[in-house]
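The structure appears below as structure tokens.
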Amino acid sequence: PVTHKTVDLRADVLKTHPKVLGENSMSLGTLFTYGKFSYYTAGDFSDSPRLPDGSRRNIENELGKELDPVDVAKINHHGHHAMPAGLVGALQARVWTACIWDQLHCTADTMAVLGDRNVYPGDRLIAPGMFPAERREEDAKASWLADVAPESFTGCHVVVTVPPKATTYTVACVNARDEQMKVTGAYELKVKG
């Protein structure tokens, strides 16, 4: 059955500060399920509006309160200062991916949370579309770098394939340098559900 829930995290902010709203936190998110497989994807969401009492509400952490663990998750806001521990700990994705082609995306603070085993334990694969040499040099001592799919170092498209009634799914990295669609790496993983 299809279910949905609407949570208005902006109602109290609109009452007192209607002109300070940014569009990022008004993004949409969707949770797809296919059998026991689950996939989270959402827009930018990275925002912390000021509440009437002066405190701030982190939209992503609030979103995390409504979500269960998933198999694959797209990183919010291209990984640009996004994905706080409350959301990452709720999703507990085995695979993180991002729609990016810019070295300023998937920033080190975001990557640190995605790779933090204190946020949630277990293996994970972080597969952004691009993670160039400049970033690898800058973050060379970061422990989370070991979680990054090496196919991202030269640029790739990430394709997730889930067969009907699957207990496994495949994450394929496809060369993004040309239109030949050459698979440069593939990972077969178990469905959590």
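As the structure is a computational prediction, the values presented were derived from the model and not from experiment. These numbers come from the heavy atoms of this one structure, side chains and all, not from hydrogens, waters or symmetry mates.
- Among all heavy-atom pairs drawn from P84 and E60, the shortest one is CD-OE1, 3.2 Å.
- Considering all non-hydrogen atoms of both residues, S152 and P128 come closest at OG-O, 2.5 Å.
- With hydrogens and angles ignored, the 3.5 Å screen pairs no side-chain donor or acceptor of T167 with any backbone N or O of K190.
- Relative orientation of the Y39 and F32 rings is tilted, given thresholds of 30° and 60° on the angle between their planes.
- Contact between G29 and A42 at its shortest, heavy atoms only, is CA-CB, 3.6 Å.
- By the rule that hydrophobic residues join a cluster once side-chain heavy atoms approach within less than 4.5 Å of another member, V191 and Y34 end up as members of one cluster.
- Listed by first and then second residue, the ring pair (Phe, Tyr, Trp, His ring centres under 6.0 Å) pairs that reach into residues 146-193 are F37-Y169, sequence neighbours excluded.
- Judged by distance alone, with hydrogens and angles left aside, the side-chain atoms of D139 form no donor-acceptor pair with the main-chain N or O of A142 at under 3.5 Å.
- A donor-acceptor pair under 3.5 Å is absent between the side-chain atoms of R124 and the main chain of A93, judged by distance alone.
- For the side chain to side chain contact (heavy atoms under 4.5 Å, CB included) with E151, the qualifying choice from V174, V158, T184 is T184, the only one to do so.
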Exercise for the section: Starting from the C-alpha separation in whole Å, work towards a yes-or-no answer on side chain to side chain contact (heavy atoms under 4.5 Å, CB included) for L114 and V119. Expected result: CA-CA 8 Å; L114 296 178; V119 174; over 6 Å; no
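- Note that CE of M83 and CE of M111 are 11.5 Å apart. Values are rounded to the nearest 0.5 Å.
- Residues I126 and V113 are members of one and the same hydrophobic cluster, defined by side-chain heavy-atom contacts under 4.5 angstrom among Ile, Leu, Val, Met, Phe, Trp and Tyr.
- In the hydrophobic clustering of this structure, V70 groups with V88; members are Ile, Leu, Val, Met, Phe, Trp, Tyr whose side-chain heavy atoms approach within less than 4.5 Å, directly or through other members.
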Exercise for the section: Step by step, work out the side chain to side chain contact (heavy atoms under 4.5 Å, CB included) result for N76 and Y40. Expected result: CA-CA 10 Å; N76 291 343; Y40 162 88; 2.9 Å; yes
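- We find the CG-CD distance between L67 and E62 to be 11.5 Å, quoted to the nearest 0.5 Å.
- Of the possible donor and acceptor atoms, one in the side chain of H78 sits under 3.5 Å from a partner among the backbone N and O of C99.
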Exercise for the section: Carefully, step by step, assess Q180 and N175 under the rule side chain to side chain contact (heavy atoms under 4.5 Å, CB included). Expected result: CA-CA 8 Å; Q180 295 182 8; N175 184 351; over 6 Å; no
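- In terms of modelled atom types and a separation under 3.5 Å, the side chain of T97 and the main chain of A127 share a donor-acceptor contact.
- Screening residues 68-90 for salt bridge (charged side-chain N to carboxylate O under 4.0 Å, His left out) gives no qualifying pairs among residues at least two apart or on separate chains.
- When all heavy atoms of D147 and G115 are compared, the closest pair comes out as OD2-CA, 3.8 Å.
- In this structure, I100 CD1 and F131 CZ are separated by 8.0 Å, a value rounded to the nearest 0.5 Å.
- Here the side chain of R94 pairs no donor or acceptor atom with the backbone of G122 at under 3.5 angstrom.
- In terms of heavy-atom proximity, T168 sits nearest to A166 at O-CB, 3.1 Å.
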Handout entry: Verdict with supporting geometry, L189 and V95, side chain to side chain contact (heavy atoms under 4.5 Å, CB included)
Key = CA-CA 9 Å; L189 303 163; V95 177; 3.3 Å; yes
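- More than 12 heavy atoms of other residues, nucleotides or ligands shown are found within 6.0 angstrom of NZ on K192.
- Minimum heavy-atom separation, C106 to I75: SG-CD1, 4.1 Å.
- Within the model, atoms CD1 of I59 and CG of L87 stand 11.5 Å from one another, a figure rounded to the nearest 0.5 Å.
- For CD of E134, the number of neighbouring non-hydrogen atoms (other residues, nucleotides, ligands) closer than 6.0 Å is greater than 12.
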